[in-house]
Amino acid sequence: MPETTGLSLDSVSVLLVWTAIAVYALAFIAYAVDLARRGAVAVDAQVPQRELVGAGRAGIIPSMTAQETKADAALNAPIGQRQRLVWARIGTSLTVLGFLFHLSGDVTRGIAAGRVPWSNMYEFALTGTLLIVAVYLGVLFRYDLRFLGTFITGLVVVLLGGATLAFYVEIVPLMDPLKSVWLVIHVFVASLATALFALAFGLSVLQLMQARRERRITAAAEVEAEAASAAGPTRPEAPGDASAAPGGGVGTAPPKSGPRFLGTLPGADALESLAYRFAILGFIFWTFTLIAGSIWANDAWGRYWGFDTKEVWTFVVWVLYAGYIHARATRGWRGSRSAWLSIIGFTAVMFNFTIVNMFFKGLHAYSGLS
Amino acid sequence: MSPSRSDADSAVSDPLRPSDHADTAASGDITNPALGFVGWIRWGWRQLTSMRTALVLLLLLAIAAVPGSLVPQRSADPNGVTQYFADNPDLAPVLDALSMFDVYASPWFSAIYILLFISLIGCVIPRTAHHWKALRARPPRTPARLARLDVHRSETLELNSGEDAAAAASAAIEAAQQQLKKSGYRVERYDSGSALSVSAERGYLRETGNLVFHGALVGVLLAVGIGGGFTYTGQTVIIEGRTFVNTLLDYTSFNPGRFVDGDTLAPYALTLDRFDVTYQPLGAQGQGQAGDFVANLTTEHSGGEPQSGEVRVNHPLEMAGDRIYLMGNGYAPTLTIRDPEGEIVFSESVPFLPQDNNMTSLGVVKVPDGLADQLGLVGFFYPTQAELHTGAFTSAYPALGLPVVSLDVYAGDLGIDDGTPRSVYTLDPTGMDKLSGRGTDVESIELAPGETADLPGGYGSITFENEAPEGAEGYDGAVKRYVSLSIHRDDAAGWVLAFAVLATAGLLAALFVPRRRLWVKVTADDGALRLEYAGLARGEDPTLDDAVTQFAQRHLASLQASKYPRVD
Ligand code: HEM
């Protein structure tokens, strides 16, 4: 029906979505400031420690371990007892605010359309990113994952902004194949899985950065220890001497080992096991997506599986994450190698959502774009 | 962990894992064998059933599946393949030689998943046998030094003066045993001297789930593979008022599985009474978009009463175990051709294939007999005719607003007499003369329902029959509709689903049931009890720490509640 009133419910929805994007962008900035400040804090905390300890090996590794223990505890701290990070708080508050706008935008779109708001590309993106934020905020109740805030808000700004610019379509009635309860279930669960994979991805990336940092620090400490033991017999012990020794310089100022905020984050192992937990939850939902999709395909297209492009990619993603789970249980693959699989898996999820929807020919022609 | 007596028990109750599993200690197991033929076979088998092989094959499977989404597949998109050959005449044969158009049936794709499943079976069978034994094994002996385990808590409980330490210790350990048992642990007492201990293990379901999951994947594969042989798919077209009988004759195409006998199809008949569809009205969002397709049928099992049935998108109709799907629809204008004497030589409703969303449809009429020459007519049907600025016609709306057929006439040899199979939807004009339309002096024939025109060349006349019932308004019902139906039988689909659901259930258990050991040790010591609690995770178990702490708290609280006041 042509709109007669000045502002249709759908344009209200679009307005709300743009507001949400703007607020998320602010949240992204706040979270970024938080990371930068954490970096500064990490350096401040290191200085006195360094002065206290003499030889490098004795100093750097224990201080790294102590920091990690602290970070692991902070990760699991209940809400009331978390680190007071002003900028992270601002970031989270803004994310909640953005989420509320986003939710209203999503709901008004649904009301305007008179159905669930996830039946074309624009709406998939709208609801999918809403779930990413919802899962992130939900997880915050259990883990202090605010260090992932930049990643989550950044991802959402890009996806939601991009979708609103490139994929927006006016509301049209549902195409017949989409009139099914499976639309409600299949697509919703797929988005939920995507949100969990996104968190796992963020953690896996941090895990890789952290593992590199740990490797470099350990290597530097070893160099220093060697230097110290080589110098030891010829030079008498003197307080402060180690920092003046040739190797001391390397040890006291660790070589470039990535952004400094890493120093305030949990260790690579802790990040890995957390990433794994999100990935297996995502994997369960993805398995369910696959099965629900097959049931739906059997009703709509007359076969439960036909290697349609979208089916292929859903299968590829499933196999990749099965590979990731296996890799974690395989000697020589646990750690950084398996993290790469989590990263590749999420890349495939994003590819499936964007490129496959837009450019691949297949039966899943529901993007609403022509 | 240092080797201890408990390792022997552990080996029985621990799940069996391939030798390169992250939880098993490196043992140099996979070294070159110097054991002759049998040795090589064993070595090869161990390689095939290792975690690394499974992982590599999984990744290969993921990679191998991708090309099938980049290049059209014969199974999903045969027309796409034909088009691809036309567009890339040099590349296509090369790709074809690599099975790129049949990726999922290709030797290389099959090799990967078959190897993967051999590996899987080889991996799962010994583990199942082992797990079967583990389910009956007693929890392992309490390690001598609990403090060395992943999680360890230690408490001291002072006794009242004069209290019997041995009795108190025994009561404490019994309480622990009871509580552990109640929380689903399998428990076993191991006392040595003054140290009383209970060893407990839970979460065998984790390994059961893992085995069920992997086993169910084999089930899915077998159900798909074997079931495929009993599957058939056929396509047919029914015009309003006509009847389809479920025999090979009435199918336009039929793809049976290996074990299907096409002569013994379930006997039933379907008559299309009416096809309904709604279109978004002009001026609305999504104007002309079609929806709510319904094929209203009369169905009849052989010897049964006729019944009415419906086929809608997402709602196939079940007939004798077959599922009937609505795949497409279109208009079938009824055309009557008379010879110059006025005798009817052709009178049929001809299905026209829709070419766009407004149902501009392409159709072919073939008149092999009854006229001086064979005639072929090719043309379009426009449910709502409109003129483009190029002068060409198109349809502006999919419903019957201003229905028109426009036909060009060819005379000559249709090329069907020598038995060469020809599609009813295409006309091969070689050997025929074009009598009207572009390139000739004669205008194309244009007819609205109810109108008649002369055929060019004096061959007679053609009428576009108006099928509207008496007294209908406008063109409502003036042109018959047809539906294309797809009829499937797949008895194995239910099995596939059952195995998939079983796999998911197994997966949930395998991933989320924690497998852990817990020990409680009580030592009487000089008027006090020393209580030790320790836990060990078997596999991923993020909540172990909490579990041990909570158990210790609960146990202590129960001891204190029952007459042992705590003195710190
Ligand atoms: C179709 C191929 C396969 C798929 C999709 C698959 C998938 C999975 C998944 C999702 C898990 C995690 C759930 C769990 O821990 O139980 C898993 C675990 C496991 N799989 Fe497979 N698998 C496959 C083949 C194999 C093969 C060939 C082997 C033998 C080498 C194997 C051995 C294992 C083992 C030992 C675990 C337990 C890992 C752990 O301790 O956490 N799998 N598999």
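Order of the sequence lines sets the chain letters (A, B, ...), proteins ahead of strands, with each chain counted from 1.
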Count the heavy-atom pairs under 4.5 Å between each of [options] and chain B, then report the option with the highest count.
| options | answer |
| --- | --- |
| A:Leu274, A:Val172, A:Asn298 | A:Asn298 |
| A:Thr287, A:Ile295, A:Ile291, A:Ile325 | A:Ile291 |
| A:Val312, A:Val316, A:Asp299, A:Val319 | A:Asp299 |

Where does [X] contact chain B at under 4.5 Å (heavy atoms): side chain, backbone, both or neither?
| X | result |
| --- | --- |
| A:Trp182 | neither |
| A:Arg277 | side chain |
| A:Trp318 | side chain |
| A:Ile344 | neither |

- prompt: In terms of the angle between their ring planes, are A:Trp313 and A:Phe351 parallel, tilted or perpendicular, with boundaries placed at 30° and 60°?
  reply: tilted
- request: Determine the interplanar angle of the B:Tyr232 and B:Phe254 rings, folded into 0 to 90°, and report it as parallel if under 30°, tilted if 30 to 60°, perpendicular if over 60°.
  value: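 It falls in the tilted class, 30° to 60°.
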Flag side-chain contact, heavy atom, 4.5 Å: [X] against [Y]:
| X | Y | answer |
| --- | --- | --- |
| B:Leu317 | B:Asp322 | no |
| A:Tyr276 | A:Tyr324 | yes |
| A:Arg115 | A:Leu183 | no |

Among [options], which has the most heavy-atom pairs under 4.5 Å with chain A?
| options | result |
| --- | --- |
| B:Leu58, B:Asn314, B:Val313, B:Val66 | B:Asn314 |
| B:Gln73, B:Gln280, B:His315 | B:Gln280 |
| B:Met327, B:Arg323, B:Glu540, B:Gln287 | B:Glu540 |

field: Shortest non-hydrogen contact between A:Ser338 and A:Ala327, atoms and distance
entry: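 Residues A:Ser338 and A:Ala327, closest heavy atoms: CB-CB, 3.8 Å.
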- request: Side chain from CB out, backbone as N, CA, C, O: work out which of these in B:Asp292 comes under 4.5 Å of a heavy atom of chain A, or both, or neither.
  value: both
